[in-house]
Number of protein chains: 2
Amino acid sequence: MDMKTYTRDNMADLLRQHAINPTHQRLEIAYALFSRQEHLSADQILAIVNTKHSETSKATVYNTLNLFVEKKLIREVIVDPSKVFYDPNTYEHHHFYDVVSGHLTDIDAADFKISGLPMLPPGVITEGIDIIVRIRPQAVPA
Amino acid sequence: MDMKTYTRDNMADLLRQHAINPTHQRLEIAYALFSRQEHLSADQILAIVNTKHSETSKATVYNTLNLFVEKKLIREVIVDPSKVFYDPNTYEHHHFYDVVSGHLTDIDAADFKISGLPMLPPGVITEGIDIIVRIRPQAVPA
DNA sequence: GTCCATGCAAATAGTTTGCACCCGG
DNA sequence: CCGGGTGCAAACTATTTGCATGGAC
């Protein structure tokens with residue numbers, strides 16, 4: 001679990017550590033995610049990056065995020081059929097997903113213990129386990 | 001866990017039990033899913049239903065599947081950012097997801113035991129827990 | 001000058017919307 | 001007839017593709 005604060009300065013090093021060429025667009029996109037430490041969609045990231053001036057395009061945001069996922073700098077979180085969220089935390093953890101607000105919250109994997117994990121089908125290996133706890137605000141009586 | 005075999009005949013009753021008006025299109029779509037007992041995407045279902053003659057449209061397949069989910073006749077499985085899968089099994093279970101082939105396999109919930117479930121944030125209730133075990137075929141040496 | 005990495009406009013694919021139609025009362 | 005439920009064409013939106021550009025050697 002990584003608690004360091006992220007600045008534009010150390011962002012370039014972080015990219016290089018993951019074998020990613022630190023271009024202007026990539027730095028902006030990485031900074032948007034890491035400085036906030038939130039779960040953001042591609043659209044939200046585009047909006048943040050282009051707040052002041054137009055710095056990049058939709059396509060570049062998508063391609064860059066895919067690159068980051070491939071290089072294991074960030075993780076995809078697939079909980080909503082309509083959009084993917086990107087998570088700057090790559091340590092092992094799971095998620096609460098508020099189905100009403102669409103908000104995601106981390107759950108440290110250490111909190112969970114899973115036993116009786118069924119055997120894998122032969123000839124396959126595990127890539128990872130995703131656990132989504134879907135929650136909703138308690139209904140308020142009328 | 002429901003092992004009965006599904007025919008077009010008992011399909012109409014099944015729909016009525018879930019307060020769904022059994023129209024021709026709905027019967028075909030339900031039959032496609034239940035007779036196969038597989039995880040299918042909307043596109044695959046459209047292809048199956050229209051195999052012989054054109055029986056329905058894309059939009060109707062989507063609307064019908066959403067109706068079925070709402071009426072709790074089937075479940076959505078959200079594992080792939082590019083498409084939703086629909087699951088005729090509504091008993092409590094989880095999934096293996098082969099990230100290479102895109103194939104889904106059921107895991108009976110009884111096999112799993114989760115302990116140390118973290119407390120919910122206050123004022124919310126659980127909707128459900130989805131567990132996805134992402135797997136891939138073991139790399140074959142060259 | 002050549003070549004590959006990069007960024008983005010345009011194309012694509014999955015899904016939803018809004019409206020025309022038809023069937024039951 | 002009239003009205004709501006039904007089905008679908010067209011619209012919409014998230015994401016990918018293919019290509020033009022430009023920097024590195």
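Below, read A as the first sequence line, B as the second, and so on, with proteins coming before strands; counting in each chain starts at 1.
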Figure out the [atom1]/[atom2] separation between [X] and [N], and round it to whole Å.
X	N	atom1	atom2	value
B:Leu27	D:dT6	CG	P	12 Å
B:Arg26	C:dC23	CZ	P	15 Å
A:His24	C:dC8	NE2	C1'	15 Å
B:Tyr86	C:dG14	OH	P	12 Å
B:Glu28	D:dT6	CD	C1'	16 Å

Contact check, residues 64-84 of chain B vs DNA chain D, heavy-atom distance under 4.0 Å, returns none
Connected to B:Ile78, directly or through other members, by ILVMFWY side-chain contacts below 4.5 Å are A:Ile78
Under a side-chain separation threshold of 4.5 Å, the hydrophobic residues clustered together with B:Ile132 are B:Val77, B:Val79, B:Phe85, B:Tyr97, B:Val99, B:Val100, B:Leu104
Reading nucleotides 20-25 of chain D from 5' to 3' and marking B where a protein heavy atom lies under 4.0 Å of the base, S where only the sugar-phosphate is that close, and - otherwise, the string is ------
Problem set entry | Contact check, side chains of B:His94 and B:Val133, non-hydrogen atoms, under 4.5 Å | no
With the side chain defined as heavy atoms from C-beta on, A:Gln25 is closest, among D:dT15, C:dT15, C:dC8, to C:dC8
Quick note, B:Asn21 side chain, CB onward, closest among D:dG5, C:dT15, D:dG7 is D:dG5
Verify, without hydrogens or angle tests, whether [X] (side chain) and [Y] (backbone) share a donor-acceptor contact under 3.5 angstrom.
X	Y	answer
A:Asn10	A:Thr7	yes
A:Arg134	B:Asp130	no
A:Asp87	A:Glu76	no
A:His103	A:Asp98	no

| query | Quick one: do the B:Asp80 and B:Ser82 side chains pair a donor with an acceptor below 3.5 Å? | reply | yes
Residues in residues 47-63 of chain B with a heavy atom under 4.0 Å of DNA chain C, by number, are B:Lys58, B:Ala59, B:Tyr62, B:Asn63
| B:His95 vs B:His39 aromatic rings, parallel, tilted or perpendicular, using cut-offs 30° and 60°? | perpendicular
Exercise for review: Considering just the side-chain nitrogens and oxygens of B:Thr23, establish if one lies under 4.0 Å of OP1 or OP2 belonging to D:dG7.
Suggested key: yes
Sorted by chain and number, sequence neighbours left out, side chain to side chain contact (heavy atoms under 4.5 Å, CB included) with B:Glu38 holds for B:Arg36, B:Leu40
- Message: Let me check something: do B:Leu14 and B:Ile48 share a hydrophobic cluster, defined by ILVMFWY side-chain heavy atoms less than 4.5 Å apart, either directly or through other members?
- Response: yes
